Amino acid sequence: MARKELITKDKIGETAFALAKKEGIENVTARKLAAQIGCSTQPIFRVYANMSELYAEIYQKAIVNFGDYYENYKSEVDTPFIHLGLAYINYARDERKLFQLLFQSEYRGDRGLFELLNGKTAAVSREINRAAAAGCQNPSSLFMKIWIFIHGCACMVLTGDYDLTEEETIELLKDIYKSCS
């Protein structure tokens with residue numbers, strides 16, 4: 001009878017993702033991961049050819065995590081782009097290490113910011129369509145202008161320099177939307 005595999009790919013992947021979420025992907029090493037799982041590094045390299053392959057899996061899990069966060073984020077704002085912006089800013093606060101991985105690291109591979117934000121639910125495309133329906137002449141340009149501000153806010157969250165309330169953030173985003181649309 002074949003011996004049952006105790007250290008599965010799922011176990012390694014989930015543990016690596018949890019470690020990246022807590023400490024950052026730069027701290028996901030084979031030794032540290034093996035210590036977390038309670039094994040040697042051999043099972044990790046039996047499943048993954050190298051750490052880059054594991055990092056790619058962590059990155060994919062982070063993309064799904066952000067998509068789920070966005071879809072489950074609650075706000076009552078009707079102005080286009082603001083719900084997405086609030087979710088993004090709060091993701092930086094709530095999932096600091098995953099935010100850095102997705103939006104501030106070299107691990108993005110061939111994915112652009114638009115693709116990451118748009119996700120499987122076409123979040124950005126929906127917002128662009130909403131802005132067009134509301135009378136915006138160039139909603140794609142508006143998205144770029146407002147997104148520069150939103151990304152700046154999220155980066156300020158990471159450095160501890162962002163102290164605006166959600167209400168103040170909404171008002172600022174509404175002002176930018178109005179002035180740029």
Side-chain angles (χ1 to χ4, degrees), residues 13-29 32 36 55-128 130-131 134 136 139-181:
E14 290 302 319
T15 305
F17 180 72
L19 188 57
K21 184 176 179 176
K22 181 179 178 187
E23 297 183 24
I25 198 163
E26 66 279 1
N27 289 305
V28 178
T29 64
K32 190 176 262 191
Q36 290 275 320
Y55 294 155
E57 185 173 313
I58 292 168
Y59 187 75
Q60 291 305 313
K61 288 178 184 292
I63 291 170
V64 170
N65 181 274
F66 174 73
D68 291 346
Y69 186 94
Y70 169 73
E71 289 301 317
N72 293 313
Y73 187 81
K74 303 292 184 215
S75 76
E76 302 298 321
V77 183
D78 288 332
T79 306
F81 305 116
I82 295 179
H83 176 83
L84 180 59
L86 290 172
Y88 186 80
I89 292 165
N90 283 296
Y91 189 74
R93 184 195 68 224
D94 296 341
E95 297 293 353
R96 159 183 226 89
K97 295 298 184 178
L98 295 179
F99 179 89
Q100 290 171 326
L101 171 62
L102 287 174
F103 304 111
Q104 295 185 314
S105 79
E106 66 215 33
Y107 293 106
R108 286 199 339 206
D110 60 352
R111 292 182 188 253
L113 179 64
F114 182 87
E115 183 183 354
L116 287 173
L117 294 172
N118 208 31
K120 64 183 178 193
T121 63
V124 176
S125 298
R126 277 194 326 248
E127 294 300 313
I128 288 172
R130 287 181 60 223
C136 178
S140 294
S141 176
L142 171 61
F143 167 71
M144 188 51 68
K145 290 172 185 171
I146 200 168
W147 201 258
I148 290 169
F149 181 81
I150 290 167
H151 183 70
C153 292
C155 289
M156 289 175 70
V157 165
L158 295 177
T159 61
D161 295 318
Y162 195 80
D163 59 359
L164 299 179
T165 66
E166 186 150 318
E167 293 76 23
E168 291 169 325
T169 302
I170 290 169
E171 288 309 310
L172 275 174
L173 291 173
K174 284 181 179 179
D175 288 347
I176 292 169
Y177 179 85
K178 288 175 191 168
S179 67
C180 295
S181 61

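Worth saying up front: this structure is predicted, and the values here are computed from it rather than measured.
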Show me the donor-acceptor pairs within less than 3.5 Å that the side chains of residues 115-126 make with the rest of the protein, sequence neighbours left out.
| residue | atom | partner | partner atom | Å |
| --- | --- | --- | --- | --- |
| Glu115 | OE2 | Arg111 | NH1 | 3.4 |
| Asn118 | OD1 | Ala123 | N | 3.3 |
| Asn118 | OD1 | Val124 | N | 2.9 |
| Asn118 | OD1 | Ser125 | N | 2.9 |
| Asn118 | OD1 | Ser125 | OG | 3.4 |
| Asn118 | ND2 | Ser125 | OG | 3.4 |
| Thr121 | OG1 | Glu71 | OE2 | 2.8 |
| Arg126 | NH1 | Thr121 | O | 2.8 |
| Arg126 | NH2 | Tyr70 | OH | 3.4 |

* **Stepwise side chain to side chain contact (heavy atoms under 4.5 Å, CB included) test for Lys145 and Ile176** => CA-CA 8 Å; Lys145 290 172 185 171; Ile176 292 169; 5.6 Å; no

* Structure fact -> In short, Phe17 meets Ile58 closest at the heavy-atom pair CD1-O, 3.9 Å

* **Closest non-hydrogen atom pair between Asn27 and Glu23, with its separation** => ND2-O, 2.7 Å

* Count the heavy atoms of every other residue, nucleotide or ligand shown that sit under 6.0 Å from CG of Asp161, and state whether that count exceeds 12. => yes

List, one per line, each side-chain donor-acceptor pair under 3.5 Å for residues 83-92, sequence neighbours excluded.
| residue | atom | partner | partner atom | Å |
| --- | --- | --- | --- | --- |
| His83 | ND1 | Ser75 | OG | 2.6 |
| His83 | NE2 | Tyr73 | O | 3.4 |
| Tyr88 | OH | His151 | ND1 | 2.7 |
| Asn90 | OD1 | Arg93 | NH1 | 2.4 |
| Asn90 | OD1 | Arg93 | NH2 | 3.4 |
| Asn90 | ND2 | Tyr73 | OH | 2.7 |
| Asn90 | ND2 | Leu86 | O | 2.9 |
| Tyr91 | OH | Asn65 | OD1 | 2.8 |

* Hey, are the side chains of Cys155 and Gln104 touching, using non-hydrogen atoms and a 4.5 Å cut-off? -> yes

* Please report the C-alpha distance between Lys97 and Lys22 in whole Å, then the side-chain angles of each, then the deciding distance to 0.1 Å, and finally whether the side chain to side chain contact (heavy atoms under 4.5 Å, CB included) criterion is met. => CA-CA 7 Å; Lys97 295 298 184 178; Lys22 181 179 178 187; over 6 Å; no

* Could you walk me through whether Leu173 and Thr79 pass the side chain to side chain contact (heavy atoms under 4.5 Å, CB included) test, one step at a time? => CA-CA 9 Å; Leu173 291 173; Thr79 306; over 6 Å; no

* For Pro139 and Phe81, work out which heavy atoms get closest and say how close. => O-CZ, 3.8 Å

* Asked: What's the shortest heavy-atom distance between Phe66 and Leu102, and which atoms?
  -> CB-CD1, 3.7 Å

* Could you please spell out the steps behind the side chain to side chain contact (heavy atoms under 4.5 Å, CB included) verdict for Leu98 and Tyr69? => CA-CA 11 Å; Leu98 295 179; Tyr69 186 94; over 6 Å; no

